Every structure is written in C-alpha cells, then in structure tokens.
There are 2 protein chains.
Amino acid sequence: MFSKTTEYALRATIFIAQKSSETNKLGIEEISNAIDSPKSFTAKILQALTKNNNVVSSVRGPNGGFFITEKAKKLPVRAILKAMGEEDVLDKCVLGLKQCSEMQPCPMHAQYKPIKKQLKELFGTKTIQQLAADIKDGVVFINNKK
Amino acid sequence: MFSKTTEYALRATIFIAQKSSETNKLGIEEISNAIDSPKSFTAKILQALTKNNNVVSSVRGPNGGFFITEKAKKLPVRAILKAMGEEDVLDKCVLGLKQCSEMQPCPMHAQYKPIKKQLKELFGTKTIQQLAADIKDGVVFINNKK
DNA sequence: AATATTAAAGACAAAATTATCTTTAAATAT
DNA sequence: ATATTTAAAGATAATTTTGTCTTTAATATT
C-alpha cells in the first residue's frame, strides 16, 4: 500500500509520539532500532518530517534528538502521508487511470469508492496521539523484530 | 496501491476480456495503445499473465495475438494480482510490520481490519468478466488518454 | 518451401527507490 | 573557549522498478 519510506515514517512518528516528550528526546539510533529501519535512511525521513508540516520536531546537540509536540500529536495520521508526499495514495485510481471520476469511472471505481471513503476517513480522523496511546496501553505493538 | 506493472496488468486484462475472443485476438500494439502503457513493457507483462495462472492466452503468427478464454473470464480480479506476484498487497500490514496479527497487532490493525476485509472481498469475488461487461455497457471506461 | 506476421525470450538501459557514508552546523556541557 | 554530542546536509552507491531494443520461435499465408 505504502512505500518503505512512508512505512518507516509512520512507524517512527508513532514511536516518537509514544516515547518522547519535550524533555525526553529520542536519538536516531534508538528510534531506528525500535522500529527496525535503516538508521541513516530513517534520519533522512525524520528530517523530511520536521521540515514538512512540522509533524516531528528536533534539536541538535547533547540531550538533543527528536520529539513531537502536543499540538502535532493531535494531527491525523494523514499528516504523515502528506509530509512524505504520499497523500495521493488515498485518492488514486486502483487501475492507475489519470482520469477516473464519477463522470468517467474506471471499471473498479464504483466498488472501490466506499473502501476509499473508509480509508480516507481512517487516515483523516485517527490521530497520532490515539495510536501512540494504544501502544502505551500495551494493546498494540510497533516493534518489528521477528 | 499497486505497482505500475500491476496497474498495466489489470488494465490490459480487462481490455482484452472486453474486446477479444478466441477468433478475434488483439495485438500488443492495439492493447498498449488502448490502455496507454509502454508497448514492450506491456508485452512482458502479458507474457507473465499467460505463463502464470493462464489468465491471458496467446498465439503467435498472423492473426495471432492475445485473448482470454471464457474460463479465464470467470476468474476473480485477484487472479491477476496473483499472476503478477502482488497478491500480498491485500494482506500486508499498513505499517509494514513483518509480524502483525490479532495476537500482535500494529496500532492501525484493528481499524484497518474491516477495510482489508472489504478489499479482499472485492478482489476475490469481482470477476474479470463482470468488469469487462461494464465497459461494453458503456457505463465505465478503461482508456487513459487525457 | 518461402515469406510474412506475430508473440516469446533475452539483453540492455533509464529512472526511481532504498540505503550508506562523510562532512557540516547547532547546541550543550566542561 | 573548547570539546562533545547530536541532527542536518550532501555526496554516493546499491537495488528495484520501469522501460526499450534485438533476436528467436511459432504460426499462417502464398
């Protein structure tokens, strides 16, 4: 469904939201270990997330690292997709048609429509905070070790 | 959602199902023009679809080309994904976790579950034939020209 | 049998994605 | 001030995906 890049972005952001605070920032080492992603590559992704949309925040230097503000925690998961430039996945035609609409629907359009609606609803309303809370409650996991 | 390869595979198969018959086969030129895909690349894809799963049939030589049998028309759309080795898209964890299950769910798991179910239902029950029929009825389109 | 037409097969190439490594800049602590 | 720690920035590389081109094989027509 998503690119590796976006998968890492989602996992990293959720992990940071769960573990970090303005006074307890997380280093790239800890993050990439936790979510099982390549370190340098993840650094790039976090860089993008801090630049675009301010989904993630960072400070350099000792005791520096990544964290996520209370405000950002209230963003919908979709904000992560947006920051990664992959928001269009939720809107794209299943068959990859450039023109696919009510007026000129592809053969899957009508059937896929309600599914797309739910996908957009899910990513548009579920917040980063909510996902992080579920991890804290232990009902849900984010680690990726076999 | 899907790779270009699979998008082309879906469009090509549906187009062939609509236009071809055992006595009226379609050339790669006509197919790739109709669905707006790179010709040689599409040829490879059709090759794969004829080899794997026999979703598409072909014969070489004059009046040869691609067609799809009545039997194959009754296959679910999922068979195309399977032939392209991209069936797992319908099962994958949204966050890309290797381990994501009821026992050890990712933070999106519970919410994504009903959506995944509908996706699998759609691709598992909708047949190639049904999609092709909708095009013939003119209620739906497959061309990709701007 | 020879020729023409078509897909199959294979080699190659371009582009995008994924990943790594090195250098630089910012912030803190000493 | 200096040294240390951390992310930012940039250069480079590996891999995968996407795409092209050439040769071969099968089938039909003449």
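Note that the coordinates shown come from a computational prediction; the quantities given were computed from them, not determined experimentally. The chains referred to below are lettered A, B, ... by the order of the sequence lines, with proteins before strands, and numbering in each begins at 1.
A/Leu26 comes within 4.0 angstrom of sugar-phosphate atoms only, judged by non-hydrogen atoms across all strands, and of no base.
Separating the CZ atom of B/Phe41 from the P atom of C/dA14 is a distance of 16 Å, rounded to the nearest angstrom. Taking atom CZ of residue B/Phe66 and atom C1' of nucleotide C/dT6, one finds them 9 Å apart after rounding to whole Å. Atom NZ in B/Lys44 sits about 11 Å away from atom C1' in D/dG19, given to the nearest Å. In this structure, B/Glu30 places its CD atom 15 Å from C1' of C/dA7, rounding to the nearest Å. Nucleotide D/dA8 holds its C1' atom 12 Å from the CD1 atom of A/Ile28, rounded to whole Å. Across the protein-nucleic acid pair, B/Phe67 atom CZ and C/dA7 atom P stand 12 Å apart, rounded to whole Å. D/dT30 atom P lies 10 Å from atom CG of B/Asn63, rounded to whole Å. The CD-P distance, from B/Gln47 to D/dC21, rounds to 17 Å in whole Å.
Atom CD of A/Gln18 is separated from atom CG of A/Asp137 by 10.0 Å, given to the nearest 0.5 angstrom.
Hydrophobic cluster membership differs between B/Phe141 and B/Val139, with clusters built from Ile, Leu, Val, Met, Phe, Trp and Tyr side chains linked at under 4.5 angstrom.
Between A/Ser58 and B/Thr6, the residue anchored nearer the 5' end of DNA chain D, judged by the nucleotide with its closest heavy atom, is A/Ser58. Each of B/Lys51 and A/Thr42 was matched to the nucleotide of DNA chain C holding its nearest heavy atom; the match closer to the 5' end belongs to B/Lys51.
Under the 6.0 Å cut-off for aromatic ring centres, A/Phe15 and A/Phe67 do not qualify, their centroids lying 6.0 Å or more apart.
For A/Tyr8, a side-chain nitrogen or oxygen approaches OP1 or OP2 of C/dA19 to under 4.0 Å. Applying the 4.0 Å criterion to OP1 and OP2 of D/dC21, one finds that B/Ser40 has every side-chain N and O outside that range. The side chain of B/Thr50 places no N or O atom within less than 4.0 Å of a non-bridging phosphate oxygen (OP1 or OP2) of C/dA7.
B/Glu22 and B/Thr69 form no side-chain donor-acceptor contact under 3.5 Å, judged by distance and modelled atom types alone.
Checking C/dT18, C/dA8, C/dA19 against the side-chain heavy atoms of A/Ser3 singles out C/dT18 as nearest. The side chain of B/Pro62 sits closest to C/dA4 out of C/dA27, C/dA4, D/dG19.
Put simply, the side chain of A/Ile115 reaches to within 4.5 Å of the side chain of B/Leu122, judged on heavy atoms.
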